[in-house]
Amino acid sequence: MSIVITGNPGVGKHAITREIANKMNLAVIDISEVAKDSGLLEKGDETNDVDTNKLESILEDKISDKSIVVGHLATYVLKKSQVRVVVVLRRSPYDLIKVYQDRRYSERKSKENAGSEILGIVVSDAICKFQEKIFQINVSGRSISETVECVSKIITDNIGNEEVDWLELVEKNDDLGRFFAD
């Protein structure tokens with residue numbers, strides 16, 4: 001069974017995964033890279049589409065207890081039996097908007113991704129599939145090394161889950177229109 005790092009774009013999945021992999025001597029399985037290398041990544045106007053059934057089949061032979069899997073598609077291409085622990089990295093939507101601007105995402109794509117983080121889509125889908133194996137970490141304002149320490153405690157001791165609710169913050173700031181209005 002494998003360790004999984006997932007979350008919305010811009011939360012730091014790959015940076016954290018690289019550090020954890022080095023620290024624990026694990027092979028990294030990047031779901032997006034596997035999809036791309038397998039010819040399953042279809043580029044759209046502002047999205048990349050993947051045949052998740054084919055990708056799930058390809059990943060089946062790659063998952064082991066000596067690997068760490070990274071990608072926002074983890075919930076859709078992995079089985080509960082393949083996973084020991086799933087860490088969902090969460091980040092303030094206010095921080096994410098800045099990340100998306102730096103990445104030159106369109107306003108629509110930025111709002112879609114930040115809105116997904118606010119609503120907790122990735123974590124909700126992960127909880128439905130992986131249940132007790134899910135842990136959340138709020139990476140906002142944390143350095144990579146601080147986040148790696150939090151993730152390491154989850155992996156080794158199954159402690160450190162942080163309940164994250166951005167909707168309450170965005171409502172309090174009266175910013176729903178900033179993230180959801182067209």
Side-chain angles (χ1 to χ4, degrees), residues 3-20 30-32 35 41-50 52 69-78 83 85-155 158-182:
I3 297 161
V4 177
I5 306 290
T6 191
N8 278 299
V11 297
K13 296 180 296 291
H14 290 87
I16 300 305
T17 297
R18 280 190 299 273
E19 294 295 320
I20 294 289
D30 184 327
I31 293 172
S32 294
L41 195 64
E42 296 178 24
K43 292 206 176 264
D45 288 339
E46 290 192 35
T47 61
N48 295 320
D49 296 323
V50 175
T52 55
V69 181
V70 60
H72 69 280
L73 293 174
T75 301
Y76 312 107
V77 297
L78 298 175
V83 172
V85 64
V86 177
V87 179
V88 182
L89 302 180
R90 308 289 307 276
R91 190 168 183 184
S92 164
Y94 297 99
D95 294 347
L96 287 175
I97 288 294
K98 293 174 191 160
V99 170
Y100 301 150
Q101 288 170 343
D102 291 344
R103 291 182 177 183
R104 301 199 188 292
Y105 284 15
S106 69
E107 184 177 349
R108 181 179 150 264
K109 186 174 180 178
S110 294
K111 283 184 175 185
E112 184 178 290
N113 283 301
S116 173
E117 177 65 23
I118 291 165
L119 297 175
I121 302 295
V122 172
V123 75
S124 177
D125 288 350
I127 289 169
C128 287
K129 186 162 193 178
F130 301 113
Q131 296 145 353
E132 73 282 353
K133 297 180 180 191
I134 294 294
F135 292 84
Q136 296 179 66
I137 293 291
N138 179 359
V139 302
S140 305
R142 282 191 170 134
S143 67
I144 290 175
S145 61
E146 290 170 326
T147 303
V148 166
E149 280 305 309
C150 292
V151 173
S152 295
K153 286 180 185 174
I154 288 170
I155 292 169
N158 281 345
I159 59 169
N161 184 52
E162 300 174 352
E163 294 295 324
V164 179
D165 182 1
W166 300 123
L167 186 56
E168 186 176 310
L169 172 66
V170 171
E171 284 179 321
K172 182 180 126 196
N173 291 341
D174 197 27
D175 275 343
L176 286 173
R178 178 177 179 189
F179 294 102
F180 295 103
D182 286 342

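Computed from heavy atoms alone, side chains included, the values below leave out hydrogens, waters and symmetry copies.
- Residue Gly7 comes nearest to Val88 through the heavy atom pair CA-CG1, 4.3 Å, listed as atom of the first residue, atom of the second, then distance.
- The environment of CG in Asp174 is sparse: at most 12 heavy-atom neighbours from other residues, nucleotides or ligands sit within 6.0 Å.
- Between the side chain of Glu19 and the main chain of Val148, no donor-acceptor pair closer than 3.5 Å is present.
- Although no hydrogens or angles enter the test, the distance criterion places a donor-acceptor pair under 3.5 Å between the side chain of Glu146 and the main chain of Ser143.
- Open room surrounds CD on Glu168; 12 or fewer heavy atoms of other groups in view lie less than 6.0 Å from it.
- Interatomic distance, CG of Asp175 versus CZ of Phe180, reported as 11.0 Å (0.5 Å rounding).
- Side-chain atoms of Glu117 come within 3.5 Å of backbone atoms of Arg91 as a donor-acceptor pair (strictly under, hydrogens ignored).
- The two residues Ser110 and Tyr100 have their closest heavy-atom pair at OG-CB, 3.2 Å.
- Closest heavy-atom contact between Gly10 and Val99: CA-CG1, 3.9 Å.
- For the atom pair CG (Asn138) and CD (Glu163), the distance works out to 11.5 Å, reported to the nearest 0.5 Å.
- Side-chain contact annotation: Glu171 with Asn173, donor-acceptor N/O pair under 3.5 Å absent.
- Of all non-hydrogen atoms in Ala114 and Ile97, the two that sit nearest each other are CB-CD1, 3.8 Å.
- Side-chain atoms of Thr6 come within 3.5 Å of backbone N or O of Gly71 as a donor-acceptor pair.
- To the nearest 0.5 angstrom, Ile134 atom CD1 is 9.0 Å from Asn161 atom CG.
- In this structure, Ser116 contributes its side chain and Glu112 its backbone to no donor-acceptor pair below 3.5 Å.
- Checking each of Arg108, Glu107, Arg103 against Tyr105 for a side chain to side chain donor-acceptor pair (under 3.5 Å) leaves exactly one that passes, namely Arg103.
- For residues 127-140, the pairs satisfying salt bridge (Lys or Arg N to Asp or Glu O under 4.0 Å) are Lys80-Glu132, with sequence neighbours left out.
- In this structure, the ring of Phe135 has its center no less than 6.0 angstrom from the ring center of Phe130.
- Going from atom SG of Cys150 over to atom CD of Glu162 covers 5.5 Å, rounded to the nearest 0.5 Å.
- Here the CD1-CD1 distance, from Ile20 to Ile155, works out to 4.5 Å after rounding to the nearest 0.5 Å.
- Side-chain N/O atoms of His72 and Asn8 include no donor and acceptor closer than 3.5 Å.
- Atom OG1 of Thr17 sits about 4.5 Å away from atom CD1 of Ile5, to the nearest 0.5 Å.
- Of the listed residues (Val50, Ile31, Thr52), just one forms a side-chain contact (heavy atoms from CB on, under 4.5 Å) with Tyr76, and that residue is Thr52.
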